[in-house]
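Take a look at the structure below.
Here is the naming used below: chain letters follow the sequence lines, and residue numbers restart at 1 for every chain. Note that the structure is a prediction, hence the values are computed from the model and not measured.
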Amino acid sequence: MCDMTVELAERVRTAADSGMPLHLHGGNTKAFLGHPVRGEALSLHDHSGVLHYEPSELVITARAGTPLREIEDLLAAEGQMLAFEPPHYGDTATLGGTLAAGLSGPRRPWAGAARDFMLGCRLLNGRGEDLHFGGEVMKNVAGYDLSRLQVGAHGTLGVILEASLKVLPRPETEQTLVQERSEAEAIELMNDWGGDPLPLSGACYDGDHLYLRLSGAETAVKAASRKLGGEAHPDPDRFWRRLREQELSFFRHQAPLWRCAVAPASPPLGLDAAQLIDWGGGLRWLASRQPAERIRRQAAEAGGHATLYRHGDEATARFHPLPPPMLALHQRIKRSLDPQGILNPGRMYPEL
Amino acid sequence: MSTAASTVERPSRARIIADLQALLGDAGLLHLPEDLHPYECDGLSAYRQLPLAVALPETVEQVRAVLGYASRHAIPVVARGAGTGLSGGALPHTEGILLSLAKFNRILDIDPRNRTARVQPGVRNLAISEAAKPYGLYYAPDPSSQIACSIGGNVAENSGGVHCLKYGLTVHNLVELEILTIDGERLRIGNAAPDAPGYDLLALMTGSEGMLGVITEVTVKLLPIPERAQVILAAFDDVARAGHAVGAIIAAGIIPAGLEMMDRLAIRAAEDFVHAGYPEVEAILLCELDGTNEEVSEHISQVRRLLQTHGAVEVRTATDEAERARFWQGRKAAFPAVGRISPDYYCMDGTIPRSRLAEVLTRIGELSREYDLAVANVFHAGDGNLHPLILYDANNPGELERTEEFGGRILELCVEVGGTITGEHGVGMEKIDQMCVQFRPLELAQFHAIKAAFDPAGLLNPGKAVPTLHRCAEFGAMHVHQGQLPHPELERF
């Protein structure tokens with residue numbers, strides 16, 4: 001528990017004055033995402049501590065450097081959870097890094113993404129000004145939503161100091177069913193069932209098997225599992241955790257790992273690649289040496305985009321290129337928060 | 001108005017009208033006073049103003065042409081959907097064009113496989129659910145005005161409703177937007193996938209009150225219609241006890257689809273109006289549970305037990321669809337019902353942490369006595385979003401001003417206990433002074449900088465949502481030392 005606000009603000013102000021870029025980091029578990037930043041390291045790791053947690057309000061507020069594990073343990077003790085199931089990718093993952101990366105786990109299509117749970121935050125902009133947006137209540141439409149804007153901005157728009165997140169009760173019961181299916185069948189079924197009022201909370205296909213997680217009241221889970229059919233998974237918690245943390249054998253491929261977010265009912269992408277499908281069809285992980293342009297074109301045709309996630313070469317852009325007018329708008333937004341361009345420059349796009 | 005805008009020579013009124021007629025045709029432009037009057041206010045009728053002209057474009061190209069014209073001649077533009085907003089967000093600008101999107105009322109595509117609906121901004125909220133119903137799907141956010149309000153306005157205000165606690169606000173239920181910037185640049189924000197590359201502009205646009213761009217297309221997420229929905233009505237002889245019961249339900253791990261509360265005055269007004277069969281008590285709670293058959297059965301019995309142990313004097317469960325509709329009828333009609341018992345009422349909209357509910361209601365009661373104005377309380381208890389309705393009579397000299405001051409005090413109270421000045425109606429014109437209470441000058445300056453990134457000349461909906469620092473100084477919430485504002489380099493509008 002340590003409040004570093006004053007020191008951090010001073011560091012950012014000094015950097016803004018000298019124009020020296022800062023490389024923001026927390027627990028360094030997601031350093032592989034995005035392009036490397038050349039700049040002085042600014043660690044948020046020690047700026048930590050849970051500031052406020054009221055289970056009956058469904059809200060937790062903590063400093064950016066608070067270990068994600070500490071937050072999850074605290075919530076679990078009250079029968080609650082971060083419903084977007086953030087990936088940790090290591091023991092040292094922090095809250096701030098989780099939000100800056102904006103990643104969500106298997107429950108995302110049903111419960112919402114990281115940005116959906118962001119209620120408010122305190123941040124330093126690129127001038128080192130200490131600003132507070134949003135709040136600790138569920139509904140708040142005062143001012144532009146600059147807190148959700150920080151989620152997935154990879155620290156290029158501000159140094160998140162504190163964040164308030166909505167939390168949810170953990171489901172009373174969970175069960176995971178496993179069915180042997182082809183890829184086309186699996187996509188078809190995930191979207192058929194996605195349109196039915198079923199207590200689904202996970203739907204993943206590993207190339208051979210379809211995994212369906214059901215969550216809710218025990219009677220409801222039982223009834224749905226009778227309807228869907230399949231073998232009950234013997235250790236479902238471990239399976240979904242290993243999927244979330246990219247520990248399943250699929251993720252051992254050494255080919256570039258692509259994250260393709262697409263319209264969930266899109267047919268198989270038809271690329272020469274090992275593949276794992278999550279989010280009921282909306283997220284297609286590809287291990288592939290196909291040219292980046294080809295993968296990006298296929299993802300765009302399926303209504304989405306492709307991110308080079310791991311094992312990429314230096315020359316390939318990590319994030320899907322933005323159309324020129326969109327990039328220009330991004331640059332103006334970046335300048336409005338970080339006029340000197342000192343916060344994680346180049347992390348997402350060279351122009352930001 | 002910024003310097004960039006003021007250096008442009010402005011055409012005469014007649015010239016502007018002739019030019020716009022050339023762009024839109026005679027049928028696409030209203031400019032005679034009698035034609036302008038229906039547009040003089042939105043749902044907040046306390047503020048009225050006639051626009052210079054009302055543009056009624058039918059195509060995106062026409063919208064683009066109007067924006068391009070406005071941009072070239074530095075003419076303000078206020079976009080407007082159905083005009084049901086309650087904070088004066090669509091109040092016309094006397095020197096500006098009111099851009100009505102009423103003709104953009106087509107549902108372009110329902111994609112049942114991907115569970116999305118692509119619609120034009122003028123489509124009514126409820127029409128989306130009606131169109132999705134044959135596929136077993138619906139659009140979750142349900143503002144009380146959903147029969148009339150348009151989806152473009154919902155996006156602009158980040159509208160909520162009864163379903164918000166469980167299903168989120170508009171921002172949680174959007175997939176993609178098409179917008180035009182003030183320069184007429186057409187941008188697609190978001191995409192058909194669960195996320196999009198770059199910054200989360202979908203979040204930034206939602207709730208931006210027409211200040212950043214004009215929405216020309218909206219793709220929303222559709223959800224499966226729950227197998228079953230059932231509502232419980234619980235009566236309490238003490239408002240605080242009803243508030244504690246709300247906390248107990250949520251602490252038990254149950255997230256209702258709706259959790260609404262009404263106080264004595266609101267109950268009486270609603271009962272006199274729709275005869276819902278409400279008991280005469282201090283507070284009633286309506287708790288709707290939805291989900292699978294089994295889940296609803298289980299939760300209904302849990303919630304009944306919780307309500308009883310938390311002091312409900314009566315608990316009724318709707319046994320059929322007709323009874324469920326009757327329970328809701330009073331709540332949904334609460335605003336017009338209060339309109340019947342008072343010549344005028346002023347609807348406030350603030351959010352507080354739920355645990356402070358009893359304290360806030362007590363303080364509102366004290367203020368009610370201080371200002372000698374009655375208050376009926378209707379609120380989304382599950383998410384702490386209050387709607388105190390202040391009863392007044394505009395014909396009594398000074399009463400509107402007293403009402404507004406009282407309303408302002410309520411909003412300041414919301415901020416004081418850790419909440420916000422608006423939960424779902426937006427800031428608009430109405431709460432612009434209270435923005436100076438919730439935000440400090442540095443934060444407001446940051447909002448202006450964001451606005452400038454989209455609209456450097458400040459032509460889109462000027463004067464709304466984010467106050468100038470001068471205005472805050474006049475409001476008394478900030479001190480300007482020797483005329484020095486923070487960030488003198490930033491444009492003010």
Selection from Leu169(B), Val427(B), Ile421(B), Val171(B) maximising heavy-atom pairs under 4.5 Å formed with chain A: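 The answer is Val171(B).
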Aromatic ring pairing His330(A)/Tyr199(B), orientation class (parallel under 30°, perpendicular over 60°, tilted between): parallel
Which bit of [X] comes within less than 4.5 Å of chain B, counting heavy atoms only: side chain, backbone, both or neither?
| X | value |
| --- | --- |
| Met326(A) | both |
| Lys222(A) | neither |
| Leu352(A) | side chain |
| Tyr144(A) | both |
| Asp196(A) | backbone |
| Ala113(A) | neither |
| Leu329(A) | side chain |
| Arg335(A) | neither |
| Leu131(A) | both |
| Leu168(A) | side chain |
| Glu188(A) | both |
| His154(A) | neither |

Does [X] reach the side chain of [Y], with side-chain heavy atoms less than 4.5 Å apart?
| X | Y | value |
| --- | --- | --- |
| Pro264(A) | Asn114(B) | yes |
| Asn385(B) | Val137(A) | no |
| Thr420(B) | Glu136(A) | no |
| Pro197(B) | Thr307(A) | no |

Leu201(B)/Leu149(A) under side-chain contact (heavy atoms from CB on, under 4.5 Å): CA gap, chis, key distance, verdict: CA-CA 7 Å; Leu201(B) 301 190; Leu149(A) 184 66; 4.2 Å; yes
Distance (rounded to the nearest 0.5 Å) between [X] [atom1] and [Y] [atom2]:
| X | Y | atom1 | atom2 | answer |
| --- | --- | --- | --- | --- |
| Glu172(A) | His299(B) | CD | NE2 | 6.0 Å |
| Glu295(B) | Thr173(A) | CD | OG1 | 9.5 Å |
| Leu386(B) | Lys139(A) | CG | NZ | 10.0 Å |
| Glu57(A) | Ile352(B) | CD | CD1 | 8.5 Å |
| Ser336(A) | Phe454(B) | OG | CZ | 8.5 Å |
| Met138(A) | Leu165(B) | CE | CG | 7.0 Å |

Of the non-hydrogen atoms in [X] and [Y], which two are nearest, and what is the gap between them?
| X | Y | result |
| --- | --- | --- |
| Arg108(A) | Pro194(B) | NH2-O, 3.0 Å |
| Pro197(A) | Pro226(B) | CB-CA, 4.0 Å |
| Pro224(B) | Gly195(A) | CB-O, 3.4 Å |

Flag for Glu54(A)-Ser355(B): side-chain donor and acceptor within less than 3.5 Å: no
Worked verdict on Arg113(B) versus Asp192(A) for side-chain contact (heavy atoms from CB on, under 4.5 Å): CA-CA 7 Å; Arg113(B) 297 296 295 161; Asp192(A) 275 352; 2.5 Å; yes
Salt bridge Asp200(B)-Arg148(A), side-chain N to carboxylate O under 4.0 Å: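 No salt bridge links Asp200(B) with Arg148(A).
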Check ion pair Asp195(B)-Arg259(A) (N to O, under 4.0 angstrom):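 The answer is yes: the pair qualifies as a salt bridge.
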Counting only heavy atoms closer than 4.5 Å, note whether [X] contacts chain A via side chain, backbone, both or neither.
| X | value |
| --- | --- |
| Tyr167(B) | neither |
| Glu209(B) | side chain |
| Arg186(B) | neither |

